[in-house]
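Just so we're on the same page: letters track the sequence lines, and every chain starts at 1.
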4 protein chains.
Amino acid sequence: MVQISLRKQPVQARSQATCAAIKEAAARILVTRGIEALNTNLIAETAGVSVGTLYQYFPSKQAILAELIRDMRAEMLTDLQRGRQAAQGCDLNTTVRILIDATLDHHRRDAPRAEALEHAEATLRMDGETERLKADIHLLVVEILTLFGVDAPARAARDLAALASGMARAAVWAGETDFDDVAARITRAATGYLRPN
Amino acid sequence: MVQISLRKQPVQARSQATCAAIKEAAARILVTRGIEALNTNLIAETAGVSVGTLYQYFPSKQAILAELIRDMRAEMLTDLQRGRQAAQGCDLNTTVRILIDATLDHHRRDAPRAEALEHAEATLRMDGETERLKADIHLLVVEILTLFGVDAPARAARDLAALASGMARAAVWAGETDFDDVAARITRAATGYLRPN
Amino acid sequence: MVQISLRKQPVQARSQATCAAIKEAAARILVTRGIEALNTNLIAETAGVSVGTLYQYFPSKQAILAELIRDMRAEMLTDLQRGRQAAQGCDLNTTVRILIDATLDHHRRDAPRAEALEHAEATLRMDGETERLKADIHLLVVEILTLFGVDAPARAARDLAALASGMARAAVWAGETDFDDVAARITRAATGYLRPN
Amino acid sequence: MVQISLRKQPVQARSQATCAAIKEAAARILVTRGIEALNTNLIAETAGVSVGTLYQYFPSKQAILAELIRDMRAEMLTDLQRGRQAAQGCDLNTTVRILIDATLDHHRRDAPRAEALEHAEATLRMDGETERLKADIHLLVVEILTLFGVDAPARAARDLAALASGMARAAVWAGETDFDDVAARITRAATGYLRPN
DNA sequence: CATGAATGAGTCTTCATTCAT
DNA sequence: CATGAATGAAGACTCATTCAT
């Protein structure tokens, strides 16, 4: 359980810029050189600040990673909420298709980063805020599945998330870039999973 | 790329026991305390040997992990080959069901261990032998899909593996133990994925 | 081939002092307890800093030694260049005498240290900078010998350097401190070596 | 001060062969891979025996090296004694030439080995037996120099030994193989050193 | 006696974190 | 606030030596 609350709220513009630079540096290192190469001195250097400054904004190395992941999950929740809006009144299959599409939006924005963060996520124990976001994401899917009368909606939501995440990450690994096609294939599997009978 | 060849071939009974104890200790730590807590001193202590002994059998810490993973992949290949035998003459859906069942055999033997190793696998660059095993596993699936005239069989094999692995790992995370049920759900998704049209 | 470039350029006064303290500590240990007793923990402790600090300034243990040796060779080159200036217009024997005197200047400054470093030098593969300094030293002698029409000047330069170095080190071992006398004896041998016929 | 007396006198032929094999292995490693690569496991393996056996014959790693050096010094003493016989009745210069020739005999037999051992010798504290041999060698030269009325014969003997050893080692380093020529050059220097006036 | 498995003290090196300036 | 020098605990790995078989 990682303490990620900022030590100080970066209210000023410069502070926010520094904070963002640190996070960007960490993400870039994570993607290009892997989690083993990720260390605070390198993050600070890459961000163009001193280690001391880094520790002004983040209480620990883990906190930086945790916040990166939290941001990703927050974006994903937003993407899914937008998807739900768009799917108002559609049938199950269409809704599923739209939500899967939404799920892949952060891959579309920066696939290697999404992949790296999802992998890092499995290594860390999450902070409360991120857990809450993940719960919200899960709940959103559960609600929709419930609406369509799907059996064991919690388990189904988990299965679908795992299926989608697994396939998306494998596609990134394989170097695929056409995420519409990936979404289509994931949808085929999801639809099959949900098919009655 | 990790060098995993043993430094010393454990011919004597005591040697083999020691070697196995080291691997078991590493696996136990990996499962119970995670990859960050995995260090050579702890492995040796847990195995009841000295660090020196550990290094008689393994050239590096990574090599221990690599061999654990290689063993798992080797078992999985065997499981799948057995599955293919059993599926001789069956239709696609049945064959898929049988192979997915086989895929979950190592989860059935020790689910937390399977989960931990699959996650660790994503962190390491594999040695040649393990790459070969993974290629063999992939090829086996590709061959079967080709036999049934599935489109883009290589990509389909990758998608199905990712889908199955993702769902299985999520189930383990959630604490499920009925892997027949998990297999049934994975099969639903896989069958949907493969459905023509 | 040892990488000796400092990790951090010691610009501040404190840094330079720390860096120098580390080198001094290493030299002192080398002289008093020999190369086998030389280890990074002891160097750091002797220098009054932590190991971490040592590694801020030197990328490896070898690099410390390498830089000590490089410094010595750089001083020696300067000594010899000064000697060459002083010998302008002298005959061969006088020139030789002056250069041998110059060669012993670093023994005059700190004989045990010179001895210890020259011995350590034979153990290490040198970095490029030190090789260049040694080549420059060699070249300086070759040029002078060529000027006086000495046969096979490269080989003669090597022979004379070996002769001088060997005798000087033996003198230090024996506890001699009058390096003018040592220089006189070396000069006798060198003059004999160069005598035509 | 290294304890080198054998733990057991190798009276039997097999024992002597084992003992020699260990020494040969150590020497070969020293020459081909340097003193840093010299370790007991490698020596034993190279010699075709087990570590345990190695420790039957030598009380420590250092003892092996020490005995190798002792052997070399013993041979050198023999060479010099033979040289003194041959030089009976000759004048100083001829005697010097003969003795220098004798000094290079172990280089003629195996130059890289001689070089490696002489260098290793400088690193070790010698055992009593080797010290005695070196003292005998020194004394032999002192006696001859005294016979010819050389001033400060002990210091001269030391100077000549250093000069000869230094030049010979430099020649080996440079890859020279014609030790008659090396001897001639050393003799020129030695003769110059000894020249009255 | 020979073997080689086992030992564990000792070394090098890294890196998250602190704090004097 | 920013800096970056300093810290030192921790971890990977080596190798001389011992001892049960």
Side-chain angles (χ1 to χ4, degrees), chain A residues 7-8 12 14-15 18 36-45 48-64, chain B residues 7-8 10-19 36-45 48-63, chain C residues 7-8 10-15 17-19 36-45 48-62, chain D residues 7-8 12 14-15 18 36-45 48-64:
Chain A
R7 286 187 161 173
K8 52 169 292 190
Q12 299 166 359
R14 186 168 55 136
S15 296
T18 303
E36 289 115 55
L38 192 73
N39 69 67
T40 50
N41 288 304
L42 183 56
I43 295 173
E45 191 189 353
V49 299
S50 67
V51 231
T53 299
L54 184 154
Y55 275 90
Q56 291 279 335
Y57 291 99
F58 297 92
S60 72
K61 172 185 158 181
Q62 297 270 309
I64 302 172
Chain B
R7 286 187 158 178
K8 185 179 291 190
V11 280
Q12 299 177 2
R14 182 169 54 144
S15 298
Q16 284 184 338
T18 303
C19 193
E36 284 119 56
L38 192 73
N39 70 66
T40 51
N41 290 314
L42 183 57
I43 296 172
E45 191 188 353
V49 299
S50 66
V51 230
T53 297
L54 185 154
Y55 278 94
Q56 295 251 346
Y57 293 101
F58 298 92
S60 72
K61 171 185 157 177
Q62 298 269 308
Chain C
R7 288 187 155 177
K8 184 179 291 190
V11 281
Q12 300 175 0
R14 183 169 54 141
S15 298
T18 303
C19 193
E36 284 118 57
L38 192 72
N39 69 65
T40 51
N41 290 315
L42 183 57
I43 295 172
E45 191 188 353
V49 299
S50 67
V51 232
T53 297
L54 185 155
Y55 277 94
Q56 295 251 346
Y57 294 102
F58 298 93
S60 72
K61 170 185 158 180
Q62 297 268 310
Chain D
R7 288 187 159 173
K8 52 170 291 192
Q12 297 165 0
R14 185 169 56 139
S15 297
T18 303
E36 288 115 54
L38 191 73
N39 69 67
T40 49
N41 288 304
L42 183 56
I43 295 172
E45 190 189 353
V49 299
S50 67
V51 232
T53 299
L54 184 153
Y55 276 89
Q56 291 280 335
Y57 292 99
F58 297 91
S60 72
K61 172 186 159 179
Q62 297 269 309
I64 302 172

Chemist: Closest to the A:S15 side chain: F:dG11, F:dC1, F:dT7?
Modeler: F:dC1

Chemist: When you get a sec, tell me which of F:dT17, E:dT3, E:dT13 is the closest nucleotide to the side chain of C:T40?
Modeler: E:dT13

Chemist: Return whichever of C:L54 or D:A37 has its heavy-atom-nearest nucleotide of DNA chain F closer to the 5' end.
Modeler: C:L54

Chemist: Nearest to the side chain of B:V51, heavy atoms from C-beta on, is which of F:dA5, E:dG8, E:dT7?
Modeler: E:dG8

Chemist: Closest approach to the side chain of A:N39, judged atom by atom: which nucleotide of E:dC12, E:dT7, E:dA16 is it?
Modeler: E:dA16

Chemist: Between the base of F:dA5 and the side chain of C:Q56, is there any donor-acceptor pair under 3.5 Å?
Modeler: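 Side chain to base: no pair below 3.5 Å.
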
Chemist: Could you give the NZ-to-C1' distance, from A:K61 to E:dC15, as a whole number of Å?
Modeler: 8 Å

Chemist: Among F:dT7, F:dC1, E:dT7, find the nucleotide with the atom closest to the side chain of C:V49.
Modeler: F:dT7

Chemist: Name the residue closer to the 5' end of DNA chain E, choosing between A:E36 and A:G52 according to the nucleotide with the nearest heavy atom.
Modeler: A:E36

Chemist: Measure from the side chain of A:N41, starting at C-beta and using heavy atoms only, and say which of E:dT13, E:dC15, F:dA16 lies closest.
Modeler: E:dC15

Chemist: In chain order, what residues pass the side chain to side chain donor-acceptor pair (under 3.5 Å) check against A:T53, with sequence neighbours excluded?
Modeler: A:S50

Chemist: State the CG-OG1 distance between A:L54 and A:T40, to the nearest 0.5 angstrom.
Modeler: 6.5 Å

Chemist: Where the side chain of B:Y55 is defined as all heavy atoms beyond and including C-beta, which of E:dT3, F:dT14, F:dA16 is the nearest nucleotide?
Modeler: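 Selected nucleotide: F:dT14.
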
Chemist: Does B:T53 or C:T53 map to a spot on DNA chain E nearer the 5' end, using the closest nucleotide for each?
Modeler: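 Result of the comparison: B:T53.
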
Chemist: Among the nucleotides F:dG4, E:dA6, E:dC12, which one has an atom lying closest to any side-chain atom of B:Y57?
Modeler: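 Selected nucleotide (nearest to the side chain): E:dA6.
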
Chemist: Using a 3.5 Å limit on both pairing distances, list the dot-bracket string of DNA chain F from the 5' end; Watson-Crick and G-U wobble pairs count, crossing pairs take [ ], interstrand pairs take |.
Modeler: .||||||||||||||||||||

